[in-house]
Every structure is written in structure tokens, then in C-alpha cells.
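Heads up: the structure comes next, in C-alpha cells.
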Amino acid sequence: MLELRFIRENLDLVKEKCGRRGMAADRLDEFSRLDHKRLALLTEVEALKNIRNTASKDIAMLKSGPEKAKADALILEMRETSRKIKDLDTELADIQIGLQEIVMTIPNLCDDSVPVGRNDSDNIEVKQWGEKPVFSFPPKPHWELGEDLRIIDFERAAKLSGARFSLLTGFASRLDRALTNFMLDLHTQRNGYTEVLPPFLVNSASMTATGQLPKFEADLFKIKDWDLYLIPTAEVPVTNIFRDETLDEKDLPIKFASFTPCFRSEAGSYGKDTRGLIRQHQFTKVELVKFTTPETSTRELELLLADAESVLQLLGLHYRVVTLCSGDLGFSATKTYDIEVWLPGQQAYREISSCSNFLDFQARRGSIRYRPEGQKKSRLVHTLNGSGLAVGRTLLAVMENYQQEDGSIAVPKVLEPYFETRF
RNA sequence: GGAGAGGUGGCCGAGUGGCUUAAGGUGCACGCCUGGAACGCGUGUGUACGCAAGUACCGUGAGUUCGAAUCUCACCCUCUCCGCCA
């Protein structure tokens, strides 16, 4: 969420930046109208409350003194004042709700380095790493490999749960687990992250702080009769760890690595990526989350990207990095890099990580602050996160890139230790 | 699911309708004292909105009242015991 005062003072800029995202900005005029009304009402009601507070003290004194009649007169007068206050407070509350509804649905301002564009075709490639592997045979997509090797079973998964679920067996399951452990070990032992295992169900306050609610409820799975949602990413519980808290500057940056399942309804993606592991209702992911000072978040985004890239580099998988254009940018982000891994079975680059800086957008919604060294006033932290990486997509990337002519799949060198444990 | 206890500042803890501007302690910061420290003494010590005056905030929300940390109702959370359970 943006600061109320900032929107008030920079209305045209906010409108223009919403426009860059392809978002209608007409609600901002309604914002102005309500904001003005709110300030006027607030002034009025606060003046009345001041009168009442003063009178209350007077009544207390008069009652204990000889002029009790004066107290009765004042009480009568205040009865009317209190009634007015109550009415104004009610009106004010309605306006606050209206304002809140608007403010909570205004996206973050995109960074000026973000290219203006409409959709993913306008994203800008910023770098490539490695090269496309050369095959002496036509490489298969992973769903064929998985079915041929009897290690991924989509049909039985559909029986259990429906479309967009998968059942990994034997080698695929083992490889998935190896990848997960490899990623966590890399981020905790080499990249300096603290491992955290959070709840997979969170309440609506948490979903609101990170920006999934109120606007994107349709993308979430909700538990019936409970104020609980299945997390769509570990970003939600991990960012919310410090909700309503004030951190010490000397503890920043705080870096968490978190392995969790993720659940997404994929509403609105009917017919998209229906084959294979690419787009599932349930998948696992190692997520990296950072809390930083405002001064360092821009640089921390680059470091976060490098940490995510390190996974693919060690696995020897070719990829490219793109900067998301304004129209493709997520609601809460000011800037996002996507890492896209090369999939030879599909002859395409596919997103495997998304690294974003949110500035103070989530911190304001969740009231996550820090106290600068030696200063009295606290400030909002900046939050960042990125996949490091989506495990299912990494699994399929390894399958497609490491497939052999005989239909088997080689184990990447760096994963060999994870296959060594034997009983 | 049943019964009970509780939720007050960074922490502990007092506070059953109005000199509460939340006592007192502790922690923290600064100063004095000291060769330096400890002890001692003094001062300061939350958040949001607002240029400010001010307003709001004692788990959350509603209510009673001229006035609520304090009274009423609902809810949430924590702890203890019982039941059930991986």
C-alpha cells in the first residue's frame, strides 16, 4: 500500500504509474473526494472530542466541589456533544472503509528502470548464462520422459485430485528431494540465509499484508468456515513473521530461505500449460525473503537474483534473465526479474524464478518497521523475495536437459552427494 | 469438544468509573560522579494521523456513560486440567 499522504500529494504521478501497468485510474478521483471529506470530518470530530475531554475533567472537579448544579448543566450539554461525536465517527468510519478499499487495491509504483509494456512479450532480456545443450536425438518433453520412465503419473493424480496435480514416484521423487536439499543447503551454507519452516495455512491479515488480499482472493484456496488460506508461496508466511513488529537496524538485512508447498487455484489460466508439471495447483518451492533498509533494497535485489541464479549455474542449466515490463509486473512489486530456464523438450524458455523488490509497500500494509541506529523514530523496512527455486520446474528442467539417448536421465554432478545415502 | 485462569509500555507489574498526564520496578539512552568501572544521583525513554494545537491507542470489536484500562456482551489468543488425536 502507498502512503496516504503520498497519493494525496502526487495524484497525477500515481495515476500515470497505474496507467503504465494498464490499470484504470478513475478510482483515484474517488480517492481524492473521500480523502478531502475525511480530513474535514476528522478536524471537526477531533475538535468536539477536545471539548468533551476538557469538560469531563471539569465535571469531575465540579462534582467534588460546591457547584454541583454546574456539573449537571455541563453533563446535559455534553450529552448532545457526545451524540454529535457518535454520528460523525460513524460517518468517518464509512469513509475510512471506502478509502481503505481504494488504497488497498492500488498497485505499487513501478520503478523507473522498469520498461513500459503491456504483457510478457514486452519483457526485456538482460542477460543469458550458459548455452543450449546439443542433442544427437530429438529431446522429449518431460511429461513424455516421466511417463516412459513411469516416474510421473498424471492420470492417477487426476483420479486422486483432478487436473493440475501430479504423482511422482521413485527416481522423480528422489530427484525432487535431492533438489530441495541442494537448494536449502546452498542458500543456508553458502548464501547466508536462515532456514525457516512456516505454517502452510495463514489468516487473512497475513494475506492482506503481502498483497494477495483483498484483490486476488480468486487465486487462493480458502479453508471452509475458517479464516485460513493455503499459502500460494512461502513469501506470505515468511514476510509476515515480523508483521506489527519493529526490528533493530543492526539485525538487517534479515535473510530467510523457506521450503514449503504452494497452492494456487490458477483461476483464469484455463487451457494454459495443461501438460506436464509447469502449472500445478500444488507445487513445492524454496523461497528467499529479505528484510532490508530502504537504502539497500535496490542492491539487495541484484544480490537476491544472483543467489537464485547460483542454483541454476551449479546445476549447469542454461537460462536467461528478463526484467518484467510494467504490464507484467505483480501487484505489490516495484521491479521484478524473472529467471527463465531453457527447456529443450519444448524448445522454450520458462520462468523458474521471480525476484522482486517491494520497497515499503508490503511493510506498510503489515506494519513492519525498524529503528535506525541511534534514532528515535522508526521507519518501514523494505521487503524482497524470490524463488530459489521452484522445485517442480527445476525437476522438469533437469529431466529435459539431462535426458540421455536411451531415455534415461543423468544426475547432475552437484546432486550426486544427495543420491549417495544407502542403507 | 468440556472446565478453569489470564491478556496493561522493550520486559515485570499496580490499577474495579473522573488529579491516570497508566503508579512502581527493570531494561535501554544520555549526563553527573570515577584514574577507569561498579554503585549512587539526575534526565529522557511507545505508535499512528496532523504544520501545529490536538485526537486515537491498556488482546479485538460492539455497547452503557457527560466520562471506560476499569462496567456489559461477543470474539480472538495464551496457559492449566479433562476428553479425543498423529
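A note on names: the letters A, B, ... follow the listed sequences, proteins ahead of strands, and every chain is numbered from 1.
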In whole Å, measure the gap between the [atom1] atoms of [N] and [M] for me.
| N | M | atom1 | result |
| --- | --- | --- | --- |
| A53(B) | G42(B) | C1' | 31 Å |
| U78(B) | C28(B) | P | 31 Å |
| G61(B) | C39(B) | P | 42 Å |
| U34(B) | U20(B) | C1' | 40 Å |
| G24(B) | A5(B) | P | 31 Å |
| A86(B) | G6(B) | C1' | 29 Å |
| C75(B) | G27(B) | P | 42 Å |
| A69(B) | U16(B) | C1' | 10 Å |

For the side chain of [X], counting heavy atoms from C-beta on, which of [options] is nearest?
| X | options | answer |
| --- | --- | --- |
| Ser378(A) | C66(B), G46(B), A48(B) | A48(B) |
| Arg38(A) | C49(B), G50(B), U47(B) | C49(B) |
| Lys86(A) | U64(B), A48(B), C49(B) | U64(B) |

Using OP1 and OP2 only, check whether a side-chain N or O of [X] sits under 4.0 Å from [N].
| X | N | result |
| --- | --- | --- |
| Thr81(A) | C66(B) | no |
| Asn50(A) | U55(B) | yes |
| Arg52(A) | G54(B) | no |
| Arg5(A) | G50(B) | yes |
| Lys49(A) | C66(B) | no |

Contact class for [X] (heavy atom, under 4.0 Å): base, sugar-phosphate, or nothing?
| X | answer |
| --- | --- |
| Leu74(A) | nothing |
| Asp72(A) | nothing |
| Arg379(A) | nothing |
| Arg364(A) | nothing |

field: Plane angle bin for His281(A) and Phe165(A) - parallel if under 30°, tilted between 30 and 60°, otherwise perpendicular
entry: tilted
Side chains of [X] and [Y]: do they bring a donor and an acceptor to under 3.5 Å?
| X | Y | value |
| --- | --- | --- |
| Asp227(A) | Asn203(A) | no |
| Asn108(A) | Ser332(A) | no |
| Thr334(A) | Asn357(A) | no |

Whichever of Thr43(A) and Met61(A) has its nearest RNA chain B nucleotide further upstream toward 5': Met61(A)
- prompt: Which residue, Glu46(A) or Arg369(A), contacts RNA chain B at a nucleotide closer to its 5' end, judged by nearest heavy atom?
  reply: Arg369(A)
Shortest non-hydrogen contact between Phe331(A) and Met104(A), atoms and distance: CZ-O, 3.3 Å
- request: Give a yes or no answer on whether the side chain of Gln280(A) reaches the backbone of Ser166(A) with a donor-acceptor pair at less than 3.5 Å.
  value: yes
statement: Atom CG of Asn53(A) and atom C1' of G17(B) are separated, to the nearest Å, by 15 Å
